[in-house]
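From a predicted model like this one, the values you see are computed outputs, not experimental measurements. Values below: every heavy atom of this structure, side chains too, minus hydrogens, waters and symmetry copies.
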Amino acid sequence: MDVKKKYRNEHKYVSPEYMLAFLEARVSSLMERDRYAGAAGLYSIRSVYFDDLYSTCFFENEDGTDPREKFRIRIYNCSKERITLELKQKERGMCRKVSCPLPPAVCEQILDGSIPEFDSGTPYLLKKLIMQMRLRALRPVVIVAYERAPFVYEAGNVRVTFDRNIRSSGRIGEFFDESAPFRPVLSAGTNMMEVKFDEFLPDFINEALQAGALQWTSFSKYYLCRKYSFGGSYDF
């Protein structure tokens, strides 16, 4: 069954690492570590994003098109145990994610450039991806990878994440390869913080996150990584 969530606020900030480390220390005393984080308090994320022949998703992000959406496949710690197909949707500045599990065999088929078949038991979201692969020539174009330190706060469904070592690759076939080469997309010593919440952000968390060195950005990790990707036919 597809997992649906309501639209929520999602703010991204680029920051020097020294400031991110300072904010993370603040947040760690106010919020809980995500239960999925390992002993070190973080996990590794890889996502492969889709786009069509005209790079529609890339240019919609660049132009700030509203509404817009994009597909991705996400894994954690380079493992095949949990593979998720996700559709990120943005409308009026708010974001929503719709997701469903993706069988490893189907994932491999997609990464190899094939279009899977579907039947009555196929999740709706996967059917939608398959149809767009057929009708729009949607296909995987770039891998986005980074390490995430996540914190959560139940009231307001708040999630603050510190994402480091953001990097890209156009070598889609090496999605699960732990030793695959990647290219950094931010300048040295620069990383990203994301703040997500539903209707409100508690004042004490908002105050803890105030820092002059933070730079708000409207560009997604997909946009940044696609712009600086290598090894594929859609390098910018």
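Looking at residues two or more places apart in sequence or on another chain, you find a side-chain contact (heavy atoms from CB on, under 4.5 Å) between S220 and N61, K70, Y222, Y223. Among residues two or more places apart in sequence or in another chain, the side-chain contact (heavy atoms from CB on, under 4.5 Å) test is passed with I73 by V48, F50, I83, L85, L102, C107, I110, F175. S120 pairs by the side chain to side chain donor-acceptor pair (under 3.5 Å) definition with nothing, not counting sequence neighbours. Partners of R35 by salt bridge (charged side-chain N to carboxylate O under 4.0 Å, His left out), not counting sequence neighbours: none found. Residues meeting the side-chain contact (heavy atoms from CB on, under 4.5 Å) test with E32, sequence neighbours left out: V152. By the salt bridge (charged side-chain N to carboxylate O under 4.0 Å, His left out) test, R26 is found to be paired with no residue, residues two or more places apart in sequence or in another chain being considered. Partners of T65 by side-chain contact (heavy atoms from CB on, under 4.5 Å), not counting sequence neighbours, listed by chain and number: E60, D63. Here Q210 pairs with N206 under the side chain to side chain donor-acceptor pair (under 3.5 Å) rule; sequence neighbours left out. Every residue meeting the side chain to side chain donor-acceptor pair (under 3.5 Å) condition with E108, not counting sequence neighbours, appears here in chain and number order: K80. Legend: residues meeting side chain to side chain donor-acceptor pair (under 3.5 Å) with D163, ordered by chain and number and at least two apart, are R148, K221. Legend: residues meeting salt bridge (charged side-chain N to carboxylate O under 4.0 Å, His left out) with E10, ordered by chain and number and at least two apart, are K12, K88.
Hydrophobic cluster of F204: the remaining members, joined at side-chain heavy-atom separations below 4.5 Å, are Y13, Y18, M19, L20, F22, L23, V27, L30, M31, F151, Y153, V158, V160, F162, M193, V195, F197, L201, I205, L209, L214, W216, listed by chain and number.
For the residue pair S179 / D177, a side-chain donor-acceptor distance below 3.5 Å is found, with atom types taken as modelled. At a cut-off of 3.5 Å, with distance as the only test, no side-chain donor of R74 or T84 sits close to an acceptor on the other residue.
Distance alone, capped at 3.5 Å, places no donor-acceptor pair between the N9 side chain and the M94 backbone.
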